[in-house]
Number of protein chains: 2
Amino acid sequence: MPNHRSGAGDPARTLRLLWRQPEESPRRGPRPGRSLDDIVTAAVELADAEGLDAVTMRAVAQAVGVAPMTLYTYVPGKAELLDLMLDHCYSRMPRPDRSGEPWRARVAALAAENRELFHAHPWAAEVSTSRPPLGPGLMAKYEYELRAFDGTGLDDVRRDAALTYVLDFVRAAARSAAEVRLARQQDSWSDEQWWAANGPLLAQVLDEQRYPTAVRVGAAAGSAQHAAYSPDHAYEFGLARVLDGLGVLIDGARTG
Amino acid sequence: MPNHRSGAGDPARTLRLLWRQPEESPRRGPRPGRSLDDIVTAAVELADAEGLDAVTMRAVAQAVGVAPMTLYTYVPGKAELLDLMLDHCYSRMPRPDRSGEPWRARVAALAAENRELFHAHPWAAEVSTSRPPLGPGLMAKYEYELRAFDGTGLDDVRRDAALTYVLDFVRAAARSAAEVRLARQQDSWSDEQWWAANGPLLAQVLDEQRYPTAVRVGAAAGSAQHAAYSPDHAYEFGLARVLDGLGVLIDGARTG
DNA sequence: CTCGTACTGCGTACGATGTACAATGTACGG
DNA sequence: CCGTACATTGTACATCGTACGCAGTACGAG
């Protein structure tokens with residue numbers, strides 16, 4: 001049950017790694033057999049295929065074909081590797097030019113691109129970055145995404161806050177989606193089996209007298225979405241609310 | 001680096017634990033020396049005081065004064081303990097009657113109450129619940145919070161979606177706040193020291209030609225908030241946007 | 001009362017993980 | 001050509017969750 005946390009260790013060292021600034025050493029001794037990118041790429045592929053829990057130093061080492069401890073000549077530790085993995089994914093996100101479109105379309109597209117990021121790399125939503133990995137990928141992403149608010153009239157401080165707001169929403173939705181996916185797979189039970197096993201106790205305990213609203217709303221939401229929770233529905237609903245909320249700030253009162 | 005995940009194991013067993021339904025056994029053998037609540041309370045206090053990483057089975061056992069393996073007579077495993085800890089905190093949240101207030105005030109108060117939850121129990125935002133712990137605390141919370149949308153005209157499905165939307169926002173903001181707090185404490189460096197150490201490399205690498213918007217906006221946001229990121233500001237900004245977004249849905253076009 | 005049985009409590013131990021450390025080998029600079 | 005800095009790696013340790021089995025205890029049936 002590892003708590004995958006990034007951003008530890010010496011920040012300056014991490015920055016140099018992110019920007020691929022080699023140490024200024026006199027270049028002596030044997031040449032490295034692999035590159036930093038080899039390690040990062042292997043780690044990302046492993047995380048994509050088998051989840052963050054599968055990303056152990058030993059497993060990454062095996063994937064790149066070296067002994068476990070050899071990784072530590074490329075990376076100070078696992079936290080830094082996670083930073084590099086994140087920045088790697090950020091740097092590979094698509095950034096099409098949308099300067100002609102209205103801000104709502106641009107922000108919706110921005111959200112969709114981030115949603116796709118978390119779809120391709122579900123682990124990226126789990127990694128807790130005590131400090132964001134200030135690498136080239138994050139910078140390119142930040143630069144690109146800020147431009148989505150061009151022409152909105154937002155000042156710089158509000159623009160940053162608005163972007164944070166959108167990104168946090170997408171990340172939260174992605175986390176919920178990942179949690180649902182995990183729950184569905186970890187117990188092989190279908191929803192029907194689950195209800196058959198737990199229905200009796202739930203019926204006894206979810207007293208309609210005590211929780212009238214909760215029971216009614218939960219049942220309505222569950223049956224409408226054919227599941228206890230629908231990540232897609234939550235995303236669509238939330239995005240509409242995000243855009244409307246920004247719309248009030250940007251356009252004044254106007255519905256979407 | 002434990003990945004604190006709840007919701008594993010037999011869901012029916014977990015449900016019985018959450019609702020404190022004793023096994024229907026013939027009650028033979030020695031009486032338990034502690035209660036389930038003893039364990040849960042100790043675990044919560046430990047998590048509050050020293051963070052989720054400090055919540056190891058051994059540490060909890062020591063806190064309640066038993067051997068580590070003894071915990072497993074009360075709880076099937078650590079995942080279930082986390083479920084119980086969450087539900088315990090939910091059940092103790094304040095739920096004042098706000099039926100007289102307008103929906104914006106009620107939803108803002110709901111958000112503030114959840115923010116306070118994560119302030120008192122920062123670990124609660126980190127726990128990833130593959131399935132939410134459907135216990136009495138969560139039910140009471142859900143029932144109470146749904147009532148905040150009474151009189152808004154939202155149908156049950158939208159009401160559930162709206163609540164999820166608000167709660168996800170508060171949780172995301174709390175996560176960000178906790179990450180900042182962690183970053184500030186784990187490297188004892190002040191922001192000034194950090195900039196002194198990393199400024200030169202950052203200045204070299206954060207090219208204003210390449211990232212004009214990012215550098216400008218980042219600087220503006222940083223100096224306005226006297227920090228690279230201000231959780232309080234992000235919360236205030238986000239909450240206003242959340243309320244405006246819901247306002248468009250509920251009241252039609254109208255600014256806050 | 002007696003005894004089997006179900007239960008609590010827990011000591012030991014195992015596998016997994018991140019990584020510290022020191023030994024070994026290699027290739028470049030003087 | 002040789003010293004030195006570096007890449008590589010085997011071993012080892014601390015920490016974690018928890019499986020397993022034994023010892024002791026108290027209730028119900030006889």
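As the structure is a prediction and not an experimental result, all values here were calculated from the model. Letters go in sequence order (proteins before strands), and every chain restarts at 1.
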K.L.:
Any donor-acceptor pair under 3.5 Å linking the side chain of B:T41 with the backbone of B:D38?
P.N.:
no
K.L.:
Starting at NZ of A:K78 and ending at C1' of D:dC16, how long is that distance when rounded to a whole Å?
P.N.:
14 Å
K.L.:
Would you classify A:V60 as touching base, sugar-phosphate or nothing, given that sugar-phosphate means primed atoms plus P, OP1 and OP2, and contacts are heavy atoms under 4.0 Å?
P.N.:
nothing
K.L.:
Measure from CD on B:Q62 to C1' on D:dT15 and round the result to the nearest Å.
P.N.:
15 Å
K.L.:
What is the distance from CG of B:L46 to P of D:dC16, rounded to the nearest Å?
P.N.:
11 Å
K.L.:
Any side-chain N or O of A:T70 less than 4.0 Å from the OP1 or OP2 oxygen of D:dT9?
P.N.:
yes
K.L.:
Are B:R175 and A:D168 within salt-bridge range, i.e. N to O under 4.0 Å?
P.N.:
no
K.L.:
Can a salt bridge be assigned to the pair A:D83 and A:R131 using a cut-off of 4.0 Å between side-chain N and carboxylate O?
P.N.:
no
K.L.:
Counting distance only, does the side-chain N/O of A:Y74 pair as donor-acceptor with the main-chain N or O of A:R34 below 3.5 Å?
P.N.:
yes
K.L.:
Determine, for nucleotides 20-30 of chain C in 5'-to-3' order, which nucleotides have protein heavy atoms under 4.0 Å from the base (write B), from only the sugar-phosphate (write S), or from neither (write -).
P.N.:
BB---BBSBS-
K.L.:
Is B:D232 paired with B:R115 through a side-chain N to carboxylate O contact shorter than 4.0 Å?
P.N.:
yes
K.L.:
Within this structure, what is the CZ-to-C1' distance between B:R58 and D:dA14, rounded to whole angstrom?
P.N.:
10 Å
K.L.:
Please tell me if the side chains of B:Y90 and B:L117 come closer than 4.5 Å, counting only heavy atoms from C-beta onward.
P.N.:
yes
K.L.:
For the residue pair B:Y211 and A:W19, does the interplanar ring angle fall in the parallel (under 30°), tilted (30 to 60°) or perpendicular (over 60°) class?
P.N.:
perpendicular
K.L.:
Nearest-Å distance, CZ (A:R34) to C1' (D:dT8)?
P.N.:
11 Å
K.L.:
For B:T56, report the nucleic acid contact type (base, sugar-phosphate, nothing); a contact means any heavy atom under 4.0 Å.
P.N.:
sugar-phosphate
K.L.:
For B:L71 and D:dA19, give me the distance from atom CG to atom C1', rounded to whole Å.
P.N.:
15 Å
K.L.:
What is the separation between atom CG on B:L36 and atom C1' on C:dT8, rounded to the nearest whole Å?
P.N.:
15 Å
K.L.:
Atom CG of A:L81 and atom P of C:dT19: how far apart are they, to the nearest Å?
P.N.:
10 Å
